[in-house]
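Okay, so here's the structure we're looking at.
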Amino acid sequence: MRKSHEAREKLLRLGIFRQVEVLIDTCEGEDSLPNGLDVTFEVTELRRLTGSYNTMVGNNEGSMVLGLKFPNLFGRAEKMTFQFSYGTKETSYGLSFFKPQVGNFERNFCLNLYKVTGQFPWSSLRETDRGISTEFNFPIWKTSHTLKWEGVWRELGCLARTASFAIREESGHSLKSSLAHTMVIDSRNSTILPKRGALLKINQELAGYTGGDVSFLKEDFELQLNKRLSWDSVLSTSLWGGMLVPLGDKPSSIADRFYLGGPTSVRGFSMYSIGPQSEGDYLGGEAYWAGGVHLYTPLPFRPGRGGFGDLFRTHFFLNAGNLCNLNYGEGPRAHIRRLAECIRWSYGAGIVLRLGNIARLELNYCIPMGVQNGDRICDGVQFGAGIRFL
């Protein structure tokens, strides 16, 4: 029965069946064994063309998504998908083709064509990307890996007439061709609000060696540890960090830098409002780190226990981080000293709502500390919605 259940889960994961039922019965017939069993899988396939309409929640952003899907296109679980998304800050459409390896669904290949237009009011910036990318996903022992090539034509422009001169200097066209690798080790029981397990995610991206006029090396990581305590409480710690090194004579682009601050990272600060800025427009940074300690507990007196009340958690947190630019002519000690200066941090408490396995909402009362000139703070109540939280 266990093996049959595992086989059923693998069939459903292919994404080509609407329903899979398993029937287990004793063997009958001339060739049947005395203790033999017949295992029959009854499947109902999806239509050749399916449509979908749904809403998505990103990092403090919501969007409406319309999609068309051609499942099992050539009879080997291939899939072609067209998707249009209209959001509060981003509008996109794209065509993708997905091809798994026969007999090993975890090894798969994906080809994407897309156009994305995004607005970034914290930088008074508008960005339009038109690109193509290929991905190869494969597991190695307990790790998942993704190799990706991306070629994208980027168009940057000012979102408002009041945009600073630094933003106007960044405006224009660029062509980026990059190779990227991602490694993930994830033992958490849930991606949205885990109670146990750990996550390690490491990204590397190298641009410029396969064409284009943008050259850099970019490294970043994400670490999260979760420990279940008594009284159904959970202690969670997380650490993010990253570094961008321009290659060649050109400085880094505002579209490639890191950003920090907001309800999904260092709470108590406005969205991406930490670090270098010019006339109120935030320019991002080439190096950053952020860490957090969180305590999640059930609601006082456990209202709605065993039902709707279990979707809510009380949240106590302490966050800290810094974002800056580095002088790469200096040594590692100078870099560490620079990242340790002017640390922003905050603490507070609030309520967390888990929206199934899709996203989570946070309503926190935040007290920001270590505020520097130019930072925008959100002292008091702050609302956040998304998938990835510090």
Side-chain angles (χ1 to χ4, degrees), residues 55-65 84-93 114-131 152-174 176 240 242 244 251-286 288 290 319 321-325 344 346 359-364 366 368 371-390:
T55 56
M56 290 183 61
V57 177
N59 286 330
N60 236 35
E61 178 186 7
S63 59
M64 175 190 69
V65 182
F84 170 77
S85 173
Y86 180 79
T88 53
K89 296 186 182 75
E90 189 175 277
T91 301
S92 66
Y93 56 85
Y114 61 88
K115 178 183 177 182
V116 181
T117 300
Q119 297 181 357
F120 310 101
W122 48 84
S123 300
S124 299
L125 184 72
R126 179 189 291 110
E127 180 178 355
T128 300
D129 293 348
R130 305 170 181 88
V152 55
W153 168 27
R154 306 185 297 190
E155 181 182 356
L156 303 180
C158 297
L159 189 60
R161 291 185 176 181
T162 56
S164 64
F165 187 72
I167 298 298
R168 297 177 187 275
E169 282 186 317
E170 295 278 356
S171 299
H173 298 263
S174 64
K176 184 183 82 166
W240 297 354
L244 171 69
S252 61
S253 169
I254 191 173
D256 299 314
R257 297 178 196 141
F258 300 104
Y259 292 85
L260 191 63
T264 59
S265 57
V266 181
R267 296 159 180 84
F269 292 82
S270 297
M271 198 70 178
Y272 299 143
S273 63
I274 291 177
Q277 55 93 22
S278 174
E279 301 175 28
D281 293 333
Y282 292 89
L283 308 177
E286 295 178 350
Y288 88 103
N319 294 155
N322 193 14
L323 176 79
C324 61
N325 291 317
R344 287 82 162 177
S346 65
R360 87 188 207 195
L361 308 179
E362 286 190 5
L363 184 64
N364 296 314
C366 308
V371 181
Q372 304 298 314
N373 289 334
D375 294 346
R376 289 183 192 153
I377 63 172
C378 186
D379 190 359
V381 178
Q382 187 177 40
F383 174 78
I387 302 171
R388 181 175 178 255
F389 283 79
L390 177 65

**Asked** Between the main-chain N or O of Glu362 and the side-chain N or O of Gln382, is there a donor-acceptor pair closer than 3.5 Å?
**Response**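 Judged by distance alone, no pair lies under 3.5 Å.
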
**Request:** Output yes when a side-chain donor or acceptor of Arg388 lies under 3.5 Å from a complementary backbone atom of Thr264, and no otherwise.
**Result:** no

**Asked** How close do Ala359 and Ile387 get, heavy atom to heavy atom, and via which atoms?
**Response**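 In this case the closest contact between Ala359 and Ile387 is CB-CG1, 4.5 Å.
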
**Message:** For Ser278 versus Leu283, what's the shortest heavy-atom pair and its separation?
**Reply:**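 Smallest heavy-atom distance, with atoms named: CB-CD1, 4.1 Å.
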
**Request:** Would you mind reporting whether Val371 and Arg344 have side-chain heavy atoms less than 4.5 Å apart?
**Result:** no

**Item:** Min side-chain heavy-atom separation Tyr259-Tyr288 under 4.5 Å
**Value:**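 Side chain of Tyr259 against side chain of Tyr288, heavy atoms only: no contact under 4.5 Å found.
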
**Request:** Using a cut-off of 6.0 Å, state whether more than 12 heavy atoms not belonging to Tyr86 lie near its atom OH.
**Result:** no

**Prompt:** So with a 6.0 Å cut-off around OH of Tyr93, is the heavy-atom count from everything else above 12?
**Reply:**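 Check fails, neighbour count at 12 or below.
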
**Asked** With Ser85, which residues qualify under side chain to side chain contact (heavy atoms under 4.5 Å, CB included), at least two apart?
**Response** Ser63, Val65, Ser92

Could you give the side-chain donor-acceptor pairs of residues 118-131 under 3.5 Å, partners two or more places apart or in another chain?
residue: Ser123; atom: OG; partner: Tyr282; partner atom: O; Å: 2.5
residue: Ser124; atom: OG; partner: Asp281; partner atom: OD1; Å: 2.7
residue: Arg126; atom: NH1; partner: Cys158; partner atom: O; Å: 3.3

**Prompt:** Can Arg360 be said to sit on top of Phe389's aromatic six-ring, NZ or CZ under 6.0 Å from centre and within 45° of the ring axis?
**Reply:** yes

**Prompt:** Would Leu156 and Ser253 satisfy side chain to side chain contact (heavy atoms under 4.5 Å, CB included), going step by step from the backbone distance to the final call?
**Reply:** CA-CA 10 Å; Leu156 303 180; Ser253 169; 4.1 Å; yes

**Item:** Modelled atom types, side-chain donor and acceptor of Ser252 and Arg257, under 3.5 Å
**Value:**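 There is such a pair (donor and acceptor under 3.5 Å, judged by atom type) between the side chains of Ser252 and Arg257.
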
**Message:** Pair Asp256, Lys176 - check side chain to side chain contact (heavy atoms under 4.5 Å, CB included), show working.
**Reply:** CA-CA 10 Å; Asp256 299 314; Lys176 184 183 82 166; 4.0 Å; yes

